[in-house]
Engineer: 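One structure follows; several queries about it will come next.
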Amino acid sequence: MNQSTAREILVTSALPYANGPIHLGHLLGYIQADIWVAFQKLCGVTCHYICADDAHGTAIMLKATELGITPEQLIAQVQTEHLKDFTEFDVRFDCYHSTHSEENKLLSEQFYQRNLTAGYIKSQMITQLFDEAKQLFLADRYVKGQCPRCKATDQYGDNCEVCGATYSATELLNPISTLSGQPPILKASEQLFFDLPQFQEALSNWLQSGSLQPEIANKLREWFASGLKPWDISREAPYFGFKIPGYDHKYFYVWLDAPIGYLASFKKLCAQRSDLDFDHYWQPHSSTEIYHFIGKDIVSFHGLFWPALLLGADYRWPTALNVHGFITINGQKMSKSRGTFITARSYLNYLNPAYLRYYFAAKLTPKVDDFDLNFDDFTARVNADLVGKWINIASRCAKFINQFFDHQLSPNNAAPELLQMCQNAQTSIAEAYQQRDFSRAIREIMALADQTNQYIDQEKPWILMKQTDEAARVQDICTVGLNSFRLLTLYLKPVLPSLATEIETFLNIAPLQWVDSKTLLFNHKINLFQPLLQRIDAKQIQQLMDPAS
RNA sequence: GGGCCUGUAGCUCAGUUGGUUAGAGCAGAGGACUCAUAAUCCUUUGGUCGUAGGUUCAAGUCCUACCGGGCCUACCA
């Protein structure tokens, strides 16, 4: 690949909110993006993976108050925990920042100023519910009352869970603030709106760009058809966030500065790296690629507001949104009351993160479908595929090489057809990774593992070993097995980086790169095989699912 | 209420632009082997593709309705 066509990629994952722990639902998205990035890097592509904590908003302000600490203390604590969780799950960000940062403050103000100058920001008086006791304007989720249509009680301020009606919080009957328990009053204030309708035409190009999954393009088309509305980007004090320039008591709404946090995080990375230029990635018509990995719940922010804001501030558009579905646990929504709310930390208390990364990979496709984490299937799949098929190849072959051949691989290729097939699979597996069709990649890898086990079974080295004149043949056969194992390890490396590293040590080889699929290993001394992965015990799952855990 | 997505063997999933007897892995059954973390190998039983209609020479694949699940509906992030 020559200089002019070399890919340069920036990947982001959705920013986790800094008021709670990372859970398995979060992890699905981060691990999906991490695998994709790891694959790019293995191929030698320039690829940066960034993220940050989403640290602003009313919820964080209230949570800090509740804990008797400052918001700054809260978000610092949470960020440390988030980063620890990600690291232990082998999610390797090139930069993990916070939206409550100097970079983000400057960029948010710049986005605002540029959009203001271009005529995309408008001010308007609106009337909202106000909690006099707490001196706060109330977001929909902080108001409960009776549905104006079906009269159901205890409904939140945006829609009715009983009859499905949508309405504005001011229409609720007998509204109550969930913060103070007092009825709110109506209060008028001036708010700033981002004038989304002006981007109608530009966004229709975005829709037709082909860089959105079909399901997502449909969804956007729907919002489009019902008419774009101006977006309220300001919030009244008290609020935890950035003050809007020119106003004493107004702050940017958290969802304005959250996606800008992508740029802030990248800016920080650029400051640390002399080879990186911020503008090269973000200026209009940049030749670089930018991908946002997000969940389907935040498509509106990334599919409508975000491209419009970028355009209004004279930045380029993302190359694509890669949207994933929600996770369910044993077919049920993840929820605390159902006992299916599993945090990253509680998982780590009982299970190896490699299991989860593998299971996610084994079932992830480029589609937006929800993902069911079925623990029976999880156990069967991990044990059968990873331990029974893949690791087993090393285990059964290394025994002979270690014990009878002084750890030395044979100089001969006794099964050129099998190994050629394993090498050729590189093309198709790479294509699957590239398209985020990880499940297809895993299917192909495991099919190769099956064929390798079949080969060993046909050759029966354990029988040949008893015939004194066939020893060299045994060395040949096991060398084939370990060569296959090396290739399979390379193909699994984006998914299982830590295991791959341990295996590189076992095989006594340099860190595997994708181009290493073109080579084989002969006449080479390996190290003593040691068990690399334990099978999952059903008891571990029981402990994890135990509500007390 | 409106909209988007989704429903294939016991479980988890593939099924390319509609085209011969609907596939895989796991689980189950029978057998082989014993090098390997009770791993592996061979053979094999399971499906009127959510339901009911329709279009077509031909439908899991297209259309309609209904049933179940998920999500969105812009101020929870």
Engineer: Given pairs defined as Watson-Crick or G-U wobble with both distances under 3.5 Å, what dot-bracket annotation applies to RNA chain B, with ( ) intrastrand, [ ] crossing, | other strand and . unpaired?
Structural biologist: (((((((..((((.....[...)))).(((((.......))))).....(((((..]....))))))))))))....

Engineer: For A:F326, is the NZ or CZ atom of A:K333 found under 6.0 angstrom from the centre of its six-membered ring and inside 45 degrees of the ring axis?
Structural biologist: no

Engineer: Distance criterion of 3.5 Å, no angle test: do you see the side chain of A:Q128 paired donor-to-acceptor with the base of B:rC75?
Structural biologist: yes

Engineer: Side-chain donor or acceptor of A:D377 under 3.5 Å from a matching atom on the base of B:rC26?
Structural biologist: no

Engineer: Rounded off to whole Å, could you give me the CG-to-P distance for the A:D376 and B:rU12 pair?
Structural biologist: 9 Å

Engineer: Taking only side-chain nitrogens and oxygens of A:K296, does any of them come within less than 4.0 Å of OP1 or OP2 of B:rC71?
Structural biologist: no

Engineer: Quick one: is A:Y253 getting a side-chain N or O under 4.0 Å of the B:rA77 phosphate, OP1 or OP2?
Structural biologist: yes

Engineer: Provide, to the nearest angstrom, the distance between the CZ atom belonging to A:F371 and the P atom belonging to B:rC13.
Structural biologist: 7 Å

Engineer: Does A:W231 have a side-chain nitrogen or oxygen under 4.0 Å from the phosphate oxygens OP1 or OP2 of B:rC75?
Structural biologist: yes

Engineer: Distance check needed: B:rU34 P versus A:W462 CH2, whole Å only.
Structural biologist: 8 Å

Engineer: With a 4.0 Å cut-off on heavy atoms, is A:E222 in touch with a base, just the backbone sugar-phosphate, or nothing at all?
Structural biologist: base

Engineer: Round to a whole Å and report the spacing from CZ of A:R221 to C1' of B:rC4.
Structural biologist: 11 Å

Engineer: Please state whether the base of B:rC72 and the side chain of A:K219 form at least one donor-acceptor pair under 3.5 Å?
Structural biologist: yes

Engineer: Should A:K363 be listed as having a side-chain N or O under 4.0 Å from OP1 or OP2 of B:rC13?
Structural biologist: yes

Engineer: Can you tell me if the side-chain N/O atoms of A:K333 get under 4.0 Å from OP1 or OP2 in B:rC71?
Structural biologist: yes

Engineer: Using the rule side chain to side chain donor-acceptor pair (under 3.5 Å), only one of A:H100, A:Q79, A:H82 pairs with A:D53; which is it?
Structural biologist: A:H82

Engineer: Identify, residue by residue, the members of residues 254-262 of chain A with a heavy atom below 4.0 Å from RNA chain B, and return them in order of residue number, or none.
Structural biologist: A:V254, A:W255

Engineer: Between atom CG in A:N383 and atom P in B:rU12, what is the gap in whole Å?
Structural biologist: 18 Å

Engineer: For B:rG47, is chi within 90° of 0 (syn) or not (anti)?
Structural biologist: anti

Engineer: Hey, does the side chain of A:R535 come within less than 4.0 Å of B:rA39's phosphate (OP1/OP2), counting only N and O?
Structural biologist: yes

